[in-house]
Enquirer: 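Let me begin by handing over the structure; questions about it come next.
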Amino acid sequence: MEGPVRYESHGDIAVIRIDNPPVNATSHAVREGLVAAAAHFAASPEKVAVLVAEGRTFIAGADITEFGKTPREPHLPDVIHRIEASEKPVVCVIHGTALGGGFEVALGCHYRVMLKGARIGLPEVNLGLLPGAGGTQRLPRLIGIVPASEIFTSAAQVKAEDCLALGIVDELSTADPFEAGMTFARKVLAEGLPVRRVSEMSVPPTDAEALAALKKKVAKANPGHVCHLRAIDTAVEGTKLPFAEGMKLERAAFWDMMQTPQRAAMIHAFFSERKVASLPELKGVEPRKLAQIGVIGGGTMGGGIAVSCLLNGLSVVLIERDAEAVEKAHNGIARTLADSVKRGKLGADARDMLLADKLLVTDDYARLSNADLVIEAVFESMEVKKDVFTKLDAVCKPGAVLATNTSYLDVDEIAAMTKRPEDVIGLHFFSPAHVMRLLEIVVAAKTAKDVVATGFALAKALKKVPVRAGVCDGFIGNRILKTYRTAADIMVLEGASPFQVDKALEDFGFAMGPYAVADLAGIDIGYLTRKRLAPFRKPGERWGEWGDVLYEMGRLGRKTGHGHYIYDEASPRGRPDPEVEEIIARERNAKGITPRSFTDAEIVERYMAAMINEGAKVVGEGIALRPLDVDVTKLFGYGFPRFRGGPMHYADSLGLAKVLASVEAAYQAGDAIFEPAPLLQKLVAEGKTFADLN
Ligand code: T1G
């Protein structure tokens, strides 16, 4: 048999091997190969078949690159039906990750062996889909509707031991897939184990209360998504029917989800997350060694960066200005690690080892002499940064990478302070740095290629999503944030309530609206940003100043229990403060503005137009390589709703001509921030999309 599926005969045992790198996805060729192998097995003397996969993992799902294209027969449900219908037992061996259609293939086999360390999952909801090859019909028959629904609505990966305990698999093994399969097949032969079809099993009784509670939890955890609850309904309604009817119901639901913009958006997010990490310019470029990391500053960012390094196997030397600050920084890191232990993310012994062997907090710069990469995370002042980089230039070994965690300052200017600007790079982490996955890698004019490669290697080591950014004020993320944040302020000045703005954007899918975010980040941050940007404002540019009033009133947001919202026992998540509306009304008055009402749709349109237009400028100027880099930045660093794919993907879904019209309308209203991006105008003129530039 040619192709990615091979058939081998080992006496009474047939071995069917799937070999479709990188993750054995069930591409068209694999599906055809499995159908041929099933037919061959039926016609051959072997008495039992073992299904295994080559490489690092069993089938990791349907081939996502085929989605959105015309589906080709055989479809996966039919392939699995043929395997399950076999009159002779079929055993599969799961290693690595059996996900989505891969796990559904396993559910179609009569027996499942799992290697220790392997995991299964049904992550289709991460792609805006639901299991479409029997997952919602077979898994409930094996373990019940509620446990099955927990698996396919959480997209969680279930460990081997738990799979055995749940009855999802029959045996665990520490052998390699082939040996594990052969051993179990011999047992099937020796004990005469029969064909056992999951589709013929009856569904265990369902605890209606538990099901209702799960639906409530799922709806709350996935606001705006359509696939999660549809998956549960499909399992519940489908398993009330004969299996084949249930499969039809699942298929219909699957195709409904396939047509949704959410599916397109989430698959765009899936592949974009991977594309940002592989830069053509870094092909064949070896990163420098990364074992010991230096961190300058033990505050919120420095401490978080140190924890992220420690939790991912790197040793850390953290520098603070004096003994008191050293102790404070050490205790801060110890507290964060203790929290990881409490949440079961880290063992107590491992924590003790990290603090004892992997972390050194000191005020002695000389201890950085062995560091491979040093990340400066001190106060955002160019003077302070320059002082630090002068010291680093003196103590760090040749070839050490010198990085700044600045969130907007000029990295070229910082690099120029050293005798080795080619070794300087920006590594912009997001708070909390040991949690937030985004890492903006800011490439300065003189940064060497292998230093860029080292930044990306660090991102991989820290399990971050790296986005390459050029040097400008605020790089990709914060530069765009400034613009749409100002657009929101202008709408408030014109009459919208900040609370309406937040609600409209939260309904659109953002985890938090801009004013709730301002309260979380701290009103003082916004105040300092406005002060810093004041000298650069263009004539006629409008901005909101009520934040300065809140600042002067000492209302700094959540940290003081009062910002735009009031945070107290009655409302820990905050309730709108009517006094803020009064402060804004006074500002409108002072500026001679007659307020008007806004619809939620208008707020979203104007806010997104600002974001997309600035995104187009960032791509047009080469600060971001492609529109997908802007999407990934907003998805992983700024709470952009994943089911909309990111601002640039969202723009394509709206139609760029429509977006440009919104931008031009706002620009004609006199706001310089809406000056149309040349790239947006060009794409509209050429009838192209942002996707064409990815
Ligand atoms: N289809 C096509 N390509 C895939 C793929 C897939 N399912 N999974 C991974 N790749 C590519 C990926 O783009 C990358 O390519 C390379 O493999 C390595 O991936 C009917 C409809 C398996 C845990 O959602 O979660 O089945 O960038 O960098 O970090 O019900 O990939 O090298 O060119 O991520 O080791 C359900 C998706 C599909 C699993 C490995 N399955 N994949 O992680 O490597 S829907 C999924 C993953 C479905 C049925 C439905 C991860 C991984 P490139 P990687 P990794």
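Order of appearance sets the numbers: ligands from 1, and atoms from 1 within every ligand.
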Enquirer: Using a strict 4.0 Å cut-off to heavy atoms of Pro22, name the atoms of ligand 1 that fall inside it.
Expert: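 Answer for ligand 1: 16 (C), 17 (O).
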Enquirer: Measure from atom 13 (O) of ligand 1 to the protein's non-hydrogen atoms and state whether any distance is below 4.0 Å.
Expert: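 At least one protein heavy atom is under 4.0 Å away.
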Enquirer: Is there side-chain contact between Val630 and Pro627, with heavy atoms separated by less than 4.5 Å?
Expert: no
Enquirer: Report yes if the side chains of Leu462 and Leu439 come closer than 4.5 Å at any heavy-atom pair, otherwise no.
Expert: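 Heavy-atom side-chain distance check fails, nothing below 4.5 Å.
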Enquirer: Quick check on atom 32 (O) of ligand 1 - does any protein heavy atom sit closer than 4.0 Å to it?
Expert: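 Not a single protein heavy atom is under 4.0 Å away.
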Enquirer: Mind checking whether Gly135 has a heavy atom under 4.0 Å from ligand 1?
Expert: no
Enquirer: So, for atom 24 (O) of ligand 1, does the protein have a heavy atom nearer than 4.0 Å?
Expert: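 Answer yes: something from the protein, a heavy atom, is under 4.0 Å.
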Enquirer: Between Tyr650 and Phe508 (judged by ring centroids, cut-off 6.0 Å), do the two rings come close enough to count as a pair?
Expert: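 Under 6.0 Å, so yes.
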Enquirer: Determine if the distance from atom 43 (O) of ligand 1 to the closest protein heavy atom is below 4.0 Å.
Expert: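 Given the 4.0 Å cut-off, atom 43 (O) of ligand 1 does not count as touching protein heavy atoms.
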Enquirer: Using a 4.0 Å cut-off to any heavy atom of Pro131, which atoms of ligand 1 qualify?
Expert: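 Within the 4.0 Å cut-off of Pro131, ligand 1 contributes 30 (O).
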Enquirer: Below 4.0 Å from ligand 1: does a non-hydrogen atom of Asp63 turn up there or not?
Expert: yes
Enquirer: Find all atoms of ligand 1 within a distance of less than 4.0 Å from any non-hydrogen atom belonging to Glu124, and give their numbers and elements.
Expert: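 Going through ligand 1 atom by atom, the ones under 4.0 Å from Glu124 are 26 (O), 30 (O), 45 (S), 48 (C), 49 (C), 50 (C).
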Enquirer: Are any non-hydrogen protein atoms located under 4.0 Å from atom 29 (O) of ligand 1?
Expert: no
Enquirer: Using the ring of each side chain (for Trp, its six-membered ring), is Phe430 parallel, tilted or perpendicular to Tyr638, with breaks at 30° and 60°?
Expert: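 Phe430 and Tyr638: perpendicular rings.
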Enquirer: Do Gly101 and ligand 1 have an N or O pair less than 3.5 Å apart?
Expert: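 N/O-N/O distance below 3.5 Å exists for this pair.
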Enquirer: Looking at Arg72, is its backbone amide N or carbonyl O close enough to the side chain of Arg31 to form a donor-acceptor pair, meaning the two atoms are under 3.5 Å apart?
Expert: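 Yes, Arg31 side chain to Arg72 backbone: donor-acceptor pair under 3.5 Å.
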Enquirer: Which bit of Asn126 gets closer than 4.0 Å to ligand 1, counting heavy atoms only: side chain, backbone, both or neither?
Expert: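 No part of Asn126 is near ligand 1 at this cut-off.
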Enquirer: For His268, give me all partners under ring pair (Phe, Tyr, Trp, His ring centres under 6.0 Å), at least two apart in sequence or on another chain.
Expert: His649
Enquirer: Measure the CG-CG distance between Leu337 and Leu346 for me, rounded to the nearest 0.5 Å.
Expert: 6.5 Å
Enquirer: Are any of the heavy atoms in Arg56 under 4.0 Å away from ligand 1?
Expert: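 Judged by the 4.0 Å heavy-atom criterion, Arg56 does count as contacting ligand 1.
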Enquirer: Would you check if Val443 and Arg468 make a side-chain contact, meaning some heavy-atom pair closer than 4.5 Å?
Expert: yes
Enquirer: Between Val50 and Cys92, is any pair of side-chain heavy atoms under 4.5 Å apart?
Expert: no
Enquirer: Is there a nitrogen or oxygen of Ile64 sitting under 3.5 Å from a nitrogen or oxygen of ligand 1?
Expert: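 Yes; the residue has a nitrogen or oxygen that sits under 3.5 Å from a nitrogen or oxygen of the ligand.
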Enquirer: Under 3.5 Å, N or O to N or O, is Arg274 touching ligand 1 that way?
Expert: yes
Enquirer: If we count only N and O atoms by modelled type, under 3.5 Å, do the side chains of Asp692 and Thr689 hold a donor and an acceptor together?
Expert: yes
Enquirer: Give the contacting part of Ala60 toward ligand 1: side chain, backbone, both or neither, where contact means a heavy-atom distance below 4.0 Å.
Expert: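 Looking at Ala60 and ligand 1, atoms from backbone and side chain both fall under 4.0 Å.
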Enquirer: Report, in ascending order of atom number, the atoms of ligand 1 lying under 4.0 Å from any heavy atom of Pro123.
Expert: 24 (O), 41 (N), 46 (C)
Enquirer: Side chains of residues 211-224: which donor-acceptor partners sit under 3.5 Å, not counting sequence neighbours?
Expert:
from: Lys215; atom 1: NZ; to: Asp233; atom 2: OD1; distance (Å): 2.9
from: Asn222; atom 1: OD1; to: His228; atom 2: NE2; distance (Å): 3.3
from: Asn222; atom 1: ND2; to: Val218; atom 2: O; distance (Å): 2.8

Enquirer: Counting N and O atoms only, with roles assigned by atom type, does the side chain of Asp170 sit under 3.5 Å from a partner on the main chain of Tyr111, one being a donor and the other an acceptor?
Expert: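 Not at all, since once roles are kept as given, no pair shorter than 3.5 Å links the two residues.
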Enquirer: Only heavy atoms of Phe271, strictly under 4.0 Å: list the atoms of ligand 1 that pass.
Expert: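 The atoms of ligand 1 under 4.0 Å from a heavy atom of Phe271 are 13 (O).
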Enquirer: If we only count N/O pairs under 3.5 Å, is Glu104 in contact with ligand 1?
Expert: yes
Enquirer: Nearest heavy atom to atom 9 (C) of ligand 1 wins, so pick from Leu122, Asn24, Val23, Asn20.
Expert: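 Comparing heavy atoms across Leu122, Asn24, Val23, Asn20, the nearest one to atom 9 (C) of ligand 1 lies in Val23.
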Enquirer: Looking at side-chain heavy atoms only, is the closest gap between Phe103 and Leu139 below 4.5 Å?
Expert: yes
Enquirer: Is there a donor-acceptor contact under 3.5 Å from the side chain of Gln262 to the main chain of Phe643?
Expert: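 Not at all, since once roles are kept as given, no pair shorter than 3.5 Å links the two residues.
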Enquirer: Taking only heavy atoms of Phe254 into account, list the atoms of ligand 1 that are under 4.0 Å away from them.
Expert: 21 (C)
Enquirer: Check each atom of ligand 1 against the heavy atoms of Leu127 and keep those under 4.0 Å away; list them by number with element.
Expert: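 So the answer, numbered in order with elements, is 24 (O), 38 (C), 45 (S).
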Enquirer: Counting only heavy atoms, tell me which of Ala62, Gly96, Ala277, Gly61 gets closest to atom 7 (N) of ligand 1.
Expert: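 Nearest option to atom 7 (N) of ligand 1, by heavy atoms: Ala62.
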Enquirer: When you measure from atom 52 (C) of ligand 1 to the protein, is at least one non-hydrogen atom found at a distance under 4.0 Å?
Expert: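 Protein heavy atoms within 4.0 Å of atom 52 (C) of ligand 1 - there are none.
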Enquirer: Using a 4.0 Å cut-off to any heavy atom of Gly100, which atoms of ligand 1 qualify?
Expert: 26 (O), 36 (C)
Enquirer: For Ser199, does its backbone N or O pair with a side-chain atom of Glu84 as donor and acceptor, under 3.5 Å?
Expert: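 Between the backbone of Ser199 and the side chain of Glu84 there is a qualifying donor-acceptor contact (under 3.5 Å).
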